[in-house]
Amino acid sequence: MSVQERKERERASRERLIVATARELAEQQGWDAVTTRRLAERIEYSQPVLYSHFRGKREIIGAVALEGAAEMAGALRAATSATDGPRARVVALARAYLDFAADNPAVYDAMFQLDGGLAFAQEDTPEPLKDAFAALLETLGEVAGDDVHPALFTELFWASLHGLATLTRAGRLPPEYSELRVELLVDRLAVV
């Protein structure tokens, strides 16, 4: 292994450590607790080293969002591949999405609530974000209905899931009706 390869590997390792530490701190104490000073202390590198990887908190949030998008896409695909039939796939997708949001609140915020400097629904949208949407579209496109654009239907269904995730987390929706909400969403919105 060349010196250059070793340095690149060490740099990538430091970057993964920064992102993992930011994510951990955000999940434990919220995004307000994530500062470059605290991250530098936790990873035991100087702030200039941290800034050599990320220009600031916004880029760190973006990196967490991209990592989260890849994880969510994997979770959605795993959930839908384990079921048979369009309705069962849509229900599994909805549950997996809501579970991901509930289990990873800081990551979910990085993906959809905070400014991570990422472009959505544009040509320069990063691949992990496109893939997360594709994971939704793969299942929802098949139940969009006749004369309904699959991507537009997916956006509407996604917006509904996002609303449920956000309102549930904020304590605005009683948790005892979570399953019924998923069933109603699928039965009333999807053509299955």
Side-chain angles (χ1 to χ4, degrees), residues 1-79 93-136 158-159 161-173 175 178:
M1 174 184 313
S2 73
V3 172
Q4 182 64 28
E5 289 172 328
R6 181 181 53 78
K7 285 183 179 183
E8 287 173 12
R9 194 175 77 221
E10 288 171 356
R11 180 173 176 74
S13 178
R14 271 193 315 271
E15 194 165 298
R16 284 190 305 274
L17 177 62
I18 292 166
V19 171
T21 303
R23 182 176 175 165
E24 178 183 311
L25 187 57
E27 292 291 0
Q28 291 171 353
Q29 300 176 29
W31 279 104
D32 287 342
V34 179
T35 64
T36 53
R37 176 177 288 181
R38 287 185 88 184
L39 284 175
E41 288 172 3
R42 282 207 174 189
I43 64 173
E44 298 179 348
Y45 283 101
S46 68
Q47 281 183 296
V49 169
L50 194 138
Y51 282 116
S52 75
H53 291 273
F54 299 98
R55 287 185 295 225
K57 183 176 176 177
R58 181 178 186 222
E59 284 189 4
I60 294 169
I61 290 169
V64 170
L66 293 176
E67 187 176 272
E71 290 172 12
M72 186 176 78
L76 296 177
R77 287 189 176 107
L93 176 120
R95 287 181 181 145
Y97 184 98
L98 295 171
D99 288 347
F100 181 87
D103 294 343
N104 304 281
V107 173
Y108 192 81
D109 284 349
M111 292 168 63
F112 301 120
Q113 303 291 107
L114 302 174
D115 179 9
L118 303 174
F120 281 81
Q122 298 174 21
E123 280 190 34
D124 61 340
T125 298
E127 211 44 53
L129 298 179
K130 289 179 182 179
D131 189 50
F133 185 78
L136 292 165
W158 172 29
L161 289 174
H162 176 69
L164 288 174
T166 303
L167 291 170
T168 300
R169 184 166 143 210
R172 302 295 195 269
L173 299 176
S178 295

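Just the heavy atoms: all of them, side chains too, but no hydrogens, waters or symmetry mates, feed the values below. Positions are given from 1 along the sequence.
Taking both residues in full, the closest heavy atoms of Met111 and Ala65 are given as CG-O, 3.6 Å, listed atom of the first, atom of the second, then distance. Of all non-hydrogen atoms in Ala22 and Ile60, the two that sit nearest each other are CB-CG2, 3.4 Å. Among all heavy-atom pairs drawn from Leu25 and Ala33, the shortest one is CD2-O, 3.4 Å. Here the closest non-hydrogen pair linking Ala119 and Asp124 is CB-OD1, 3.4 Å. The two residues Ala102 and Pro105 have their closest heavy-atom pair at O-CD, 3.6 Å. Taking every heavy atom of both residues into account, Leu66 and Pro128 meet most closely at O-CB, 3.6 Å.
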Can you check side-chain contact (heavy atoms from CB on, under 4.5 Å) on Asp131 and Arg77, steps first, answer last? CA-CA 11 Å; Asp131 189 50; Arg77 287 189 176 107; 2.8 Å; yes
CA sep, side-chain torsions, deciding dist, call: Trp31, Val64, side-chain contact (heavy atoms from CB on, under 4.5 Å): CA-CA 11 Å; Trp31 279 104; Val64 170; 3.8 Å; yes
For Leu98 and Thr168: C-alpha separation, side-chain torsions, deciding distance, then whether side-chain contact (heavy atoms from CB on, under 4.5 Å) applies. CA-CA 9 Å; Leu98 295 171; Thr168 300; over 6 Å; no
Test log, rule side-chain contact (heavy atoms from CB on, under 4.5 Å), inputs Phe100 and Val107: CA-CA 9 Å; Phe100 181 87; Val107 173; 4.1 Å; yes
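Of the inter-residue distances, the one linking Glu59 atom CD with Asp115 atom CG reads 11.0 Å to the nearest 0.5 angstrom. To the nearest 0.5 Å, atom NZ of residue Lys130 and atom CD of residue Glu123 are 7.5 Å apart. Distance check: Tyr45 OH to Leu17 CG gives 7.0 Å after rounding to the nearest 0.5 Å. In this structure, CD in Gln4 is found 12.5 Å from CZ in Arg9, a value given to the nearest 0.5 Å. Rounded to the nearest 0.5 angstrom, Arg14 CZ and Ile43 CD1 are separated by 8.5 Å. Atom NZ of residue Lys57 and atom CG of residue Leu50 lie 12.5 Å apart, to the nearest 0.5 angstrom.
Residues Tyr97 and Leu76 meet the side-chain proximity criterion, which asks for heavy atoms closer than 4.5 Å. Contact annotation: the side chain of Asn104 approaches that of Glu27 to within less than 4.5 Å [non-hydrogen atoms, C-beta and beyond]. Under the 4.5 Å side-chain criterion, counting only non-hydrogen atoms from C-beta, Phe54 is not in contact with Thr36. Contact annotation: the side chain of Gln113 approaches that of His162 to within less than 4.5 Å [non-hydrogen atoms, C-beta and beyond]. Within the 4.5 Å cutoff, side-chain heavy atoms of Val34 are placed close to those of Leu39.
For the pair Arg6 and Glu10, the salt-bridge criterion is met [side-chain N within less than 4.0 Å of a carboxylate O].
A distance-only check finds a donor-acceptor pair linking the side chain of Thr125 to the backbone of Ala121 [under 3.5 Å].
In this pair, Phe112 and Phe120 present their aromatic rings tilted. The plane angle is within the 30 to 60° band.
Within a 6.0 Å radius of CZ in Arg11, other residues, nucleotides and ligands contribute more than 12 heavy atoms. For CD of Gln122, the number of neighbouring non-hydrogen atoms (other residues, nucleotides, ligands) closer than 6.0 Å is greater than 12.
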